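What follows is one structure encoded as structure tokens, with my remarks underneath.
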Amino acid sequence: MEEAFMQRTVTCGELRGCDDGKTVILNGWVDRNRNHGAIHFINLRDRYGKTQIVVDDDSSKELEEIASQLRNEYCIAVKGKVRKRPDEMVNKDMSTGEVEVKAEKIDILSKCQVLPFQIEDETNAKEDLRLKYRFLDLRSKGMQDRIRLRHEVIKAIREYFYKTDFYEIETPTLVKSTPEGARDFLVPSRIYPGKFFALPQSPQLYKQILMVSGFDKYFQIARCYRDEDPRGDRQLEFTQLDVEMSYVKRDDVLALMEDLFGYVFKNVVNVELPKAFRRITYNDAMEKYGTDKPDLRFDLEIKDGTELANASSFPLFKSAVSGNGTVRYIVAPKNEKKDFTRKYLAELEESAKVYGADALYFIKVENGTISGGISKFFQGLDKKVIEKTGAKDGDVILFVANNNWKKCLTSLGAVRNKLGSDLDLIKEGYAFCWIIDFPLFEYNEDEGHWEAAHHMFSMPQAEYIDTLEEDPGKVKGDLYDLVLNGYELASGSIRIHDVELQKRVFRICNFSDEEAEKRFGFLLDCFRYGAPPHGGIAPGIDRLCMILANMNSIREVIAFPKNTAAMSPMDDSPSFVEEKQLDELSLEIRHNDEN
Ligand code: ASP
């Protein structure tokens, strides 16, 4: 039987000087075809690298003709002899740069149409075009490297858990719709018209049930689905490493994660992480960095401005501190990147206003004195202001005053982040920290009731358990977040395993006992059958890979992401379906005039 095609004997990344003289077959894509007179230099590319193919001027006419037909991204097979390149022609940038292959036969396996964009190491084509032709975009070196990195991360995670005696257990993707924080994706049931499955927002309840069933060390690389509006760098579906363990306390979970991340970073990027990560309480994180996900690659801390506000004659500050308000400041250091011009100060103010600040007040420090902005309210207090803030000549002190503690701090947190990047303060590397002692509940102003800050299955800290209902806002949870370089990388908690306590938390979150039984009856039921104490965590894989790949968007580390408008330009999903499919599901689409 005749061969279907010349099948490769080597990849495009493996030939070296020692292969000199061998006859080989390569398969791959034409990365570049340059011709110097009758000589063609063809760079052939596959997942493993690039190899230079030469069609010499002593080649047959047929071979020369085929070589002249080759266009970028044609998929070809080449048979030829490996030969060493002369010393001065060795290409140090290519792993195969010592050699080239003198072609004897070239077959075109398939042609390529005119390309929508060139496949380069990093293309600068518009993202939607890249996503429409993702199959081409994925051929670029950047995407190939990132998909490989993601594979390495997942491989290292699995290795770690297998060697530490965890079971990998799959949980269903068609589950009961339960309120877990975000909106559920619903899947209509054909067999039970009018009934729906939901896609899991996370395997949360199932992993807890697995603990009750005795699988005391569980992990899963789990796909999670949340039907949220397109906003920032979100995906409708994302991947998390889901972990749960029985008979553990908070510190056991934190230690496991420190060890896991140590293993992953060592194995994937050869970086040695500290054995333990810094721990910061939620309150301290807010006070110092104005966020519960601080970027610790730079210092710049927020400071308490109460004393200065009291000393000043600025009515707005005075009334803030005498009431329930908060005054905080940050010292922006003199630097070479940015002058603190009126325009730049206005930009900083804008970033504060996004988080609810009414204004960003400033004082400049020059020649040992204070000037500009609100300095007139600090008359005669130059020394005090300079000493208290530690500001040096050329620095600017930036204040926010607000009746709402969180608004005041998050506004300054945004200013801190902007200064960090604008002033080039961010050091290279990986800065991990734990945020602990979060409030268990948050007040939902719109709906007028308390809700869980993380999710409703998290344990209150022991000292608050007896008095939960008295002041839910004061209750701290046994909750923890892992933060890396200013991103929330993981959230987790020790869970409630007692029916009565779980019901009390449901009640505080506005679920009557009846409603709770209806929605979460299966969880409450399983807690009635000897539930062990347990806890867990779930790091986001997309974000982890994004940070390791030094990218700003998780779309860069997902093979087939949705775009920023929450659709897929490649397959055009979501799409309309056939009337017949709707009929089978007993569904009817309500068309409004615009449809
Ligand atoms: N299920 C939680 C989440 O997806 C994580 C956890 O508590 O383990 O955020």
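Remember, it's a predicted structure, so these values are computed and weren't measured experimentally. Atoms within each ligand, like the ligands themselves, are counted from 1 in listed order. Quick note: residue numbers are just sequence positions, from 1.
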Taking only heavy atoms of [X] into account, list the atoms of ligand 1 that are under 4.0 Å away from them.
{"X": "Ser491", "value": "5 (C), 6 (C), 7 (O), 8 (O)"}
{"X": "Ala538", "value": "5 (C), 8 (O)"}
{"X": "Gln204", "value": "1 (N), 2 (C), 5 (C), 6 (C), 7 (O), 8 (O)"}
{"X": "Lys207", "value": "6 (C), 8 (O)"}
{"X": "Ser202", "value": "1 (N), 4 (O)"}
{"X": "Gln240", "value": "4 (O)"}
{"X": "Gly492", "value": "7 (O)"}

| Between Gln461 and Asp437, is any side-chain donor less than 3.5 angstrom from a side-chain acceptor? |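 Checked: Gln461/Asp437 side chains pair up, N/O donor to acceptor below 3.5 Å.
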Using 30° and 60° as the class boundaries, would you call the ring planes of [X] and [Y] parallel, tilted or perpendicular?
{"X": "Phe261", "Y": "Phe432", "value": "tilted"}
{"X": "Phe219", "Y": "Phe161", "value": "parallel"}
{"X": "Phe135", "Y": "Tyr133", "value": "perpendicular"}

| message | Is any side-chain heavy atom of Ser202 closer than 4.5 Å to one of Gln240? | response |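 A side-chain contact exists here, since the closest heavy-atom pair is under 4.5 Å.
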Specify side chain, backbone, both or neither for [X], according to which of its non-hydrogen atoms lie closer than 4.0 Å to ligand 1.
{"X": "Gln201", "result": "neither"}
{"X": "Glu488", "result": "neither"}
{"X": "Ile537", "result": "backbone"}
{"X": "His455", "result": "side chain"}

| query | For the residue pair Tyr167 and Tyr218, is the inter-centroid distance of their aromatic rings smaller than 6.0 Å? | reply |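 Here the rings of Tyr218 and Tyr167 have centres that are no less than 6.0 Å from each other.
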| query | Counting only N and O atoms by type, is there a donor-acceptor contact under 3.5 Å from the side chain of Arg226 to the main-chain atoms of Glu237? | reply |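 No.
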| query | Got the closest protein heavy atom to atom 3 (C) of ligand 1, with its distance? | reply |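 Closest protein heavy atom to atom 3 (C) of ligand 1: Arg226 NH2, 4.0 Å.
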| request: Tell me which protein heavy atom sits closest to atom 9 (O) of ligand 1, plus the residue, atom name and distance to 0.1 Å. | output: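 The protein heavy atom lying closest is His454 CE1, 3.6 Å.
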| task | Apply salt bridge (Lys or Arg N to Asp or Glu O under 4.0 Å) to Glu258 and Lys275, showing your working. | result | CA-CA 7 Å; Glu258 286 161 352; Lys275 288 272 167 280; over 6 Å; no
| field | Salt bridge present between Lys132 and Asp571 (N-O < 4.0 angstrom) | value |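 No.
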